[in-house]
Amino acid sequence: MSINLRRALLPALGLFAVVASAPAFAAGGEITIPKQSWSFQGPLGTYDRAALQRGFQIYKEVCSACHAMSLVSYRNLTALGFSDAEVKAIAASVEVQDKEPNDQGEYVMRPGRAADHFKSPFANEQASRAANNGAYPPDLSLITKARVGGADYVYALLTGYKPAPAGMTMPDGMNYNEYFLGHLIGMAAPLSDGAVTYADNTPTTVPQLAKDVTTFLTWAAEPEMEQRKRLGVKVVLFLLLMTGVIFAWKRKVWKDLH
Amino acid sequence: MSESAHASATHGHPGHGEGETRRDFLALAATAFAGAGAACALWPFIDSMNPAADTLALSTTDVDISPIAEGMRVTVKWRGRPVFIDHRTKKQIDEARAVNISELRDPAKDEDRAQKAEWLVMVGVCTHLGCIPLGQKQGDPTGDFGGWFCPCHGSHYDTSGRIRKGPAPLNLPVPPYKFLTDTSVSIG
Amino acid sequence: MSTTSNAPKKNGIVEWIDYRLPIFTFMNHELREYPTPKNLNYWWNFGSLAGIVLVVMILSGIFLAMNYTAHVDYAFVSVERIMRDVNYGWLLRYIHMNGASMFFLVVYIHIFRGLYYGSYKPPREILWWLGLVILILMMATAFLGYVLPWGQMSFWGATVITNLFSAIPLVGEPIVTWLWGGFSVDNPTLNRFFSLHYLLPFVIVGVVMLHLVALHTHGSNNPLGIDTKKNPKDSIPFHPYYTVKDMFGLGVFLVIYAGFVFFAPNFFGEPVNYVPANPLQTPSEIVPEWYLLPFYAILRSVPDKLAGVIAMFGAIFILFLLPWLDSSKVRSATFRPIYKQLFWIFLADCLVLGWCGAQHPEGAPLLIGRLATAYYFLHFIVLLPLVSKFEKPRPLPESISTPVLKTEKA
């Protein structure tokens, strides 16, 4: 009897999991986001350090003109492979307003420190909209976690700029993007071949740039990912071993019972 | 085997003879696993109460000391606590260095407490129970030794910040600091 | 090993305390000797599992609260600070976040086990009620907790759910204003939600205690649904048999739980909740967490606002009447050929409702949702009373130990 029940309920549980994940797919609508292969996918995936540094360069030189990344601090950049001195130099290259007033009661500008958060391009959302034709470039700190499709979506969006289909009238200041919901996006294509100059010999084609900056954005959203997966492997292995021993014990205890 | 096992099962203690050793071993191993696992699982909870990365990142404070005239004392905040910076006079330095350190409760040479004789940098928290001693402002009581005086329980510190009288057990601690330039100190 | 009793070895201090406060006798009685039917299958693991998840939730929640700021300007950032800067903060948050889903998964299985084996039938009606009270408290706690990160779904979920109360005639609007402490979901709302989210789990612990007292009064039901008190050979002491079995179940559960926490921590989450709350813009889709979807589907199936709210709450409260709606003397579905079919159809119906709750409420999903809602109530109000009256159950065995009388066909 109980075997019967087990056999019947397992597929039901599977269905339950599908039901649970249904909303995630529902929001994507009719647009399908192509899957890419990433160094950070899978249970053992890690971030490609060189790609992270190149991606940061793109963020700094291209994205940061409009997009804030207020949850990330300069000190976090050591995770990309930068040394403490390099991080200090990167931080010091921007001027930030000190949070505490000086002895005259004025808020003065000072060079950034490693402990500071990334400087935002605009003081607030209103200023940002005013400078961007009414559109609000979202903060990029969590962008790959905050969009259905994650890194694949961000990559698709960055590489999805196409000429508008014939017969489609484009409102002023709008651009056609294959993967944006409704296809009308305020942001002009941010990447173009050779948009940045890499220090290494990596080609600066749009797909390569998109890949690098998406890797960086994924790190910005989930800086804990590598630690999480490393610890996870150990924890799961330990639990499997523990459960195995307990199962042997359980069998031994129950064997004597009729 | 089966008969005895059945009888004992109703008594709640099944297993006899050679099977018992194996069961005891398994019980021990499983309990050890579970116990070790539970103990390890506690660490993230405990560690989450330690200072976070952003708190640690703020643990360095740079201070411009050029506006501090001789004989002036200023207080700056470092790690949420007051740090006393004292631009000492010749007289104060001489007093601090004239003391016979073997008579001190917490013996320390003034030369070891100040990297530059005219600049004294200390955490301004009384080593008794954590009050902030007086003596930073003009007109504050400075105690019997011309340094600082803690109003909570009457501890007296000298011009080197050493405990001389009262309940406090230790000198005012010197934080790690270094002179970046002649007019700039980095504390922490 | 010749001791005849299962009593723990006593020492002086234990005896001294026990004489004054019989806590050791109590624990020995309820956790070691406690006679348990010897035929419990693995579906009986989920009760103790739920208790353990509750402890994990409270523990991780307490440590998260140490770093959380319940203010509309800081809530989102403080959660991200937990994720980025607090030592193992990401682990605590993912344990808590996925723990909520695990808690509901475990409890739903526990409830459906009770439905299949008739665990709500006399003399366990109050045990069943207490379980339902726990479920309702869990839903409230989960909803309140979901608001705390102050993402878009937090804010709009709070707005939609609190607005349910505006359906109450006459006093609806004042009640909603009172719930909010203002004229929209705002800082006062967040503050009181945090306070209540911290309080309710301890209320749950209290009700769980009562649930256990009620359970231990008449003992566990079992897969055969027969009374095990008659034949002493039917019962075995809880320890070591069920402690070790529960430990094994816990191990398997933890592997699955850890799988989500470490490798798919946002599987149950909504991406849009990583966008900070914006009171001026509703996300394109408002979906509750998966464990509330069936009830959400019932709410949306009814075109009238008040009737929808009544139907949704009715879907939970009708469960309180279950011991009387199903009046069959036979507990286990094993011996109830028709009820057994109904059980599976009802389970499927709940899953269909869950699916509908995640869809846009229009077209086919809306129609399917309405049919499933109708069936949900039909099951309780019409089918169960009729079946329990006319169904001819198969013969019950005398005891667990005696061979089953009927010929097994399965």
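The sequence lines fix the lettering, A, B, ..., with proteins before strands; numbering per chain opens at 1.
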Interface moiety of [X] toward chain A, non-hydrogen atoms closer than 4.5 Å:
{"X": "C:Phe76", "value": "side chain"}
{"X": "C:Leu254", "value": "both"}
{"X": "C:Phe112", "value": "neither"}

Greatest number of heavy atom pairs closer than 4.5 Å to chain C - which of A:Ala146, A:Ala221, A:Pro223: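 Of A:Ala146, A:Ala221, A:Pro223, A:Ala146 has the most heavy-atom pairs under 4.5 Å with chain C.
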Could you walk me through whether A:Leu71 and C:Arg84 pass the side chain to side chain contact (heavy atoms under 4.5 Å, CB included) test, one step at a time? CA-CA 9 Å; A:Leu71 297 173; C:Arg84 290 158 191 269; 4.0 Å; yes
Counting heavy-atom pairs under 4.5 Å with chain A, which one of C:Gly151, C:Pro265, C:Ser101 comes out on top? C:Pro265
Between C:Tyr291, C:Tyr88, C:Phe262, C:Tyr94, which has the largest tally of heavy atom pairs under 4.5 Å with chain A?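 Option with the greatest count: C:Phe262.
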Is there a side-chain contact between [X] and [Y] in this structure, where contact means two heavy atoms from C-beta onward sitting under 4.5 Å apart?
{"X": "A:Trp249", "Y": "C:Met247", "result": "yes"}
{"X": "A:Lys145", "Y": "C:Met83", "result": "yes"}
{"X": "C:Tyr257", "Y": "A:Leu239", "result": "no"}

Inspect the surroundings of NZ in A:Lys88 and state if more than 12 heavy atoms from other residues, nucleotides or ligands are less than 6.0 Å away.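 Atom NZ in A:Lys88 is not packed in, count stays at 12 or less.
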Any residue of residues 272-281 of chain C which, by heavy atoms, sits under 4.5 Å from chain A: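 Expected list: C:Val272, C:Tyr274, C:Val275.
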Evaluate the side chain to side chain contact (heavy atoms under 4.5 Å, CB included) criterion for residues C:Tyr242 and A:Val253: first the C-alpha distance (whole Å), next the side-chain angles of each, then the deciding distance (0.1 Å), finally the verdict. CA-CA 10 Å; C:Tyr242 286 107; A:Val253 167; over 6 Å; no
Is [X] in contact with chain C via its backbone, its side chain, both, or neither, using a 4.5 Å heavy-atom distance?
{"X": "A:Arg75", "value": "side chain"}
{"X": "A:Ala220", "value": "backbone"}
{"X": "A:Val245", "value": "neither"}
{"X": "A:Pro43", "value": "both"}

Going from CG on A:Leu231 to CG on C:Leu91, what distance comes out if it is rounded to the nearest 0.5 angstrom? 6.5 Å
To the nearest 0.5 angstrom, please state how far the CD atom of A:Glu222 sits from the CG atom of C:Asn266. 6.0 Å
Do the side chain of A:Trp254 and the main chain of C:Tyr241 share a donor and acceptor less than 3.5 angstrom apart?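 Confirmed, A:Trp254 side chain pairs with C:Tyr241 backbone.
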Partners passing side chain to side chain donor-acceptor pair (under 3.5 Å) against A:Arg230 (at least two apart in sequence or in another chain):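 For A:Arg230 there are no side chain to side chain donor-acceptor pair (under 3.5 Å) partners, ignoring immediate neighbours.
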How would you list all residue pairs meeting side chain to side chain donor-acceptor pair (under 3.5 Å) that involve residues 146-159 of chain A, not counting sequence neighbours? A:Trp38-A:Asp152
Measure up the A:Phe247 and C:Phe248 rings against each other and bin them: parallel (under 30°), tilted (30 to 60°), perpendicular (over 60°). tilted
Going by residue number, which parts of residues 129-144 of chain A are within reach of chain C, meaning a heavy-atom gap below 4.5 Å? A:Ser141, A:Leu142
